[in-house]
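Please read the structure below before turning to the comments.
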Amino acid sequence: MRPQALLLALAVVAVLTALPLTHGQGASPWPCCDKCGVCTKSIPPQCRCQDVSPTGCNSACKSCVRSTAGFQCVDSITNFCERRCTPAA
């Protein structure tokens, strides 16, 4: 086997092995939303999430608002409410 092909195969295995570790540490992909707010009727819909976090917004959030309950991202994002951040109870 050529050295380049072996190196490429090892790199692919390393990436695939690391993926489950990142997801298993409680890191949820963003955007996600547990409590969906207002969505437009466009296709795909642009939605706002009503989730509140005591520690702050995701670093990808452009408009983070602070209230007495905590922090809320008020960005309108395509399909924001499509994926939950926490498993359904």
Side-chain angles (χ1 to χ4, degrees):
M1 182 179 260
R2 295 186 350 188
Q4 293 89 357
L6 182 59
L7 184 59
L8 179 62
L10 288 173
V12 169
V13 169
V15 168
L16 292 175
T17 303
L19 286 176
L21 292 176
T22 303
H23 184 68
Q25 293 175 345
S28 63
W30 195 81
C32 60
C33 181
D34 290 335
K35 186 177 179 186
C36 191
V38 178
C39 292
T40 63
K41 293 184 181 187
S42 62
I43 298 176
Q46 298 289 316
C47 301
R48 285 192 178 175
C49 184
Q50 294 180 332
D51 290 355
V52 177
S53 170
T55 58
C57 297
N58 185 289
S59 60
C61 178
K62 294 176 184 153
S63 299
C64 186
V65 176
R66 185 176 183 171
S67 67
T68 56
F71 296 88
Q72 181 180 7
C73 182
V74 294
D75 293 354
S76 289
I77 298 176
T78 303
N79 293 325
F80 205 157
C81 301
E82 188 174 80
R83 184 175 56 239
R84 291 183 57 86
C85 298
T86 58

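Both backbone and side-chain heavy atoms feed into the values below; hydrogens, waters and symmetry mates do not. Every value quoted in this text rests on a predicted model; they were computed, and no experiment measured them. FYI, the numbering just counts along the sequence from 1.
- Across every non-hydrogen atom of Gln50 and Cys36, the tightest pair is OE1-O, 3.8 Å.
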TODO: Show your working on side-chain contact (heavy atoms from CB on, under 4.5 Å) between Cys39 and Cys81 and close with a plain yes or no.
DONE: CA-CA 9 Å; Cys39 292; Cys81 301; 4.3 Å; yes
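- Think of Val74 as one node in a network of Ile, Leu, Val, Met, Phe, Trp and Tyr side chains linked at under 4.5 Å; its network also takes in Val65.
- Not a single side chain to side chain contact (heavy atoms under 4.5 Å, CB included) links Thr68 to another residue, sequence neighbours left out.
- Under a 4.5 Å side-chain heavy-atom cut-off, the cluster of Ile, Leu, Val, Met, Phe, Trp and Tyr residues that includes Val38 has no other member.
- Residues passing the ring-ring contact (aromatic ring centres under 6.0 Å, His included) test with Phe80, sequence neighbours excluded: Trp30.
- Annotation: ring-ring contact (aromatic ring centres under 6.0 Å, His included) contacts involving residues 48-74, sequence neighbours excluded, are absent.
- Without hydrogens or angle criteria, Thr40 side chain to Pro45 main chain gives no donor-acceptor distance under 3.5 Å.
- Two residues are said to be in side-chain contact when any heavy atoms from C-beta on lie closer than 4.5 Å; Cys73 and Cys64 fail this criterion.
- Of the possible polar contacts, none joining the Arg83 side chain to the Cys33 backbone as a donor-acceptor pair under 3.5 Å is found.
- Applying the side-chain hydrogen bond (donor to acceptor under 3.5 Å, both in side chains) rule to Ser59 yields no partners; only residues at least two apart in sequence or on another chain are considered.
- Applying the salt bridge (Lys or Arg N to Asp or Glu O under 4.0 Å) test to pairs two or more places apart or on separate chains, none has a residue in residues 49-76.
- In this view, Thr86 and Asp34, Arg84 satisfy the side chain to side chain contact (heavy atoms under 4.5 Å, CB included) rule, not counting sequence neighbours.
- Of all non-hydrogen atoms in Cys57 and Cys61, the two that sit nearest each other are CB-CB, 3.9 Å.
- The line from SG of Cys32 to CD of Glu82 is 12.0 Å long, rounded to the nearest 0.5 Å.
- The structure places OG of Ser53 at 10.5 Å from CD of Gln72, a figure rounded to the nearest 0.5 Å.
- Partners of Pro44 by side chain to side chain contact (heavy atoms under 4.5 Å, CB included), not counting sequence neighbours, listed by chain and number: Thr78, Asn79.
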